[in-house]
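What follows is a short report on a single structure.
What you see below is based on every heavy atom in this structure, not just the backbone, and it leaves out hydrogens, waters and symmetry mates. First listed ligand is number 1; within each ligand, the first listed atom is number 1. Throughout, numbering of the chain's residues begins at 1 and tracks the sequence.
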Amino acid sequence: MSDCIFCRIAAKEIPAKVVYEDDRIIAFDDIRPQAPVHTLIIPRTHLASLNEAGPERADLLGHILAKAPEIAEIKGVKASGFRLVINTGPDSGQDVFHIHAHLLGGRKMQWPPG
Ligand code: 5GP
Ligand code: ZN
């Protein structure tokens, strides 16, 4: 989708600090980090949110989860711990409507989240 900022980052039309990429996903640092490590993991395929993904995307969504520890390792937070967050829909505060998992780490985090 040409008007989607994350599609444009995946297509390298907009610069980003890329941490990891393969044929299905790309991970890059968030432009407004909320923790010392704040990396976004997105599918290359445009999907607006988890609400639109559906069970037929289980492999792709699983790939994002399965790769998270490797991406955390690259960022140096695999052992210390990290949090994955997928904001979905209005109450979550989702702002960019291309599925993304926030990988946050590098500081002690609170539970429950605000
Ligand atoms: P959401 O609120 O949708 O879950 O999170 C969207 C995230 O995307 C925010 O943390 C925001 O800082 C990040 N973001 C928005 N635009 C850009 C951009 O152009 N580049 C990068 N690297 N991150 C972005
Ligand atoms: Zn997109």
Side-chain angles (χ1 to χ4, degrees):
M1 258 179 72
S2 60
D3 59 346
C4 169
I5 190 135
F6 285 0
C7 281
R8 297 190 68 196
I9 287 174
K12 307 277 170 68
E13 292 168 12
I14 293 176
K17 196 166 168 230
V18 174
V19 174
Y20 171 86
E21 60 183 319
D22 62 28
D23 58 331
R24 286 184 281 172
I25 63 172
I26 178 166
F28 52 93
D29 287 337
D30 198 291
I31 207 166
R32 284 184 293 275
Q34 302 301 317
V37 170
H38 188 171
T39 297
L40 303 173
I41 312 171
I42 71 167
R44 291 188 183 277
T45 303
H46 181 87
L47 296 163
S49 82
L50 277 183
N51 285 340
E52 283 77 29
E56 63 275 19
R57 301 293 185 175
D59 272 4
L60 179 59
L61 298 172
H63 187 61
I64 290 173
L65 293 185
K67 281 290 175 183
E70 188 177 326
I71 294 163
E73 174 96 305
I74 293 167
K75 297 298 294 184
V77 296
K78 182 178 176 185
S80 53
F82 60 91
R83 181 175 289 175
L84 278 188
V85 176
I86 304 179
N87 293 325
T88 305
D91 278 357
S92 73
Q94 183 179 5
D95 191 36
V96 176
F97 284 83
H98 178 132
I99 289 181
H100 50 281
H102 297 257
L103 190 156
L104 298 147
R107 66 168 166 80
K108 196 90 180 160
M109 277 176 259
Q110 309 217 317
W111 192 262

Can a donor-acceptor pair be found, under 3.5 Å and without considering hydrogens, that links the side chain of E52 to the backbone of I99? no
Here the N/O/S atom of H98 closest to the Zn ion (ligand 2) would be ND1
Looking only at protein heavy atoms, which one is nearest to atom 22 (N) of ligand 1, and how far off is it? D29 O, 2.9 Å
So, is I9 polar-close to ligand 1, with some N/O to N/O distance under 3.5 Å? no
What atoms of ligand 1 come closer than 4.0 angstrom to any heavy atom of N87? 1 (P), 2 (O), 4 (O)
Does an N or O from G93, backbone or side chain, lie closer than 3.5 Å to an N or O of ligand 1? yes
Per-atom contacts, ligand 1 versus R32 - under 4.0 Å to a heavy atom: 11 (C), 12 (O)
With the side chain counted from C-beta on, respond yes when L104 and D30 share a heavy-atom pair under 4.5 Å apart, and no when they do not. no
Is any side-chain heavy atom of F6 closer than 4.5 Å to a side-chain heavy atom of I26? no
I need the contact type for F6 against ligand 1. Using non-hydrogen atoms and a strict under-4.0 Å cut-off, is it side chain, backbone, both or neither? side chain
Considering the heavy atoms of I5, write down every atom of ligand 1 situated less than 4.0 Å from one of them. 19 (O)
Check: I86 main-chain N/O paired with T88 side-chain donor or acceptor under 3.5 Å: yes
Sole residue of R44, H63, K67 in side-chain hydrogen bond (donor to acceptor under 3.5 Å, both in side chains) with D22: H63
If we only count heavy atoms from C-beta on, is the L50 to Q94 side-chain gap below 4.5 Å? no
Should you measure from each heavy atom of D95, which atoms of ligand 1 turn up under 4.0 Å away? 1 (P), 2 (O), 3 (O)
Quick check: does H38 get an N/O under 3.5 Å from an N/O on ligand 1? no
Residue, atom and distance of the protein heavy atom nearest atom 1 (P) of ligand 1 read H100 NE2, 3.1 Å
Counting N and O atoms only, with roles assigned by atom type, does the side chain of R107 sit under 3.5 Å from a partner on the main chain of Q34, one being a donor and the other an acceptor? yes
Does ligand 1 have any atom that is closer than 4.0 Å to a heavy atom of A16? no
Between V37 and I42, is there shared hydrophobic-cluster membership here, with clusters defined by ILVMFWY side-chain heavy atoms closer than 4.5 Å? no
Relative to atom 23 (N) of ligand 1, which among I99, L104, I31 owns the nearest non-hydrogen atom? I31
Measure the acute angle between the ring planes of H102 and H38, then classify it against the limits of 30° and 60° as parallel, tilted or perpendicular. tilted
Does any non-hydrogen side-chain atom of Y20 lie less than 4.5 Å from one of I74? yes
Starting at NE2 of H98, measure out to CG of L40 and round the result to the nearest 0.5 Å. 10.5 Å
Is it true that K17 lies under 4.0 Å from ligand 1, counting heavy atoms only? no
Evaluating non-hydrogen atoms only, which member of Q94, H98, H102 is closest to atom 4 (O) of ligand 1? H102
What do you get for the angle at the Zn ion (ligand 2) between ND1 on H46 and SG on C4, to the nearest 10 degrees? 110°
Is the closest heavy atom of Q34 to ligand 1 under 4.0 Å? no
Any atom of ligand 1 sitting under 4.0 Å from a heavy atom of V85? no
Among all protein heavy atoms, pick out the one at the shortest distance from atom 12 (O) of ligand 1; state its residue, atom name and that distance to 0.1 Å. D30 OD1, 2.5 Å
Answer whether the closest heavy-atom distance between the side chains of V19 and L103 falls below 4.5 Å. no
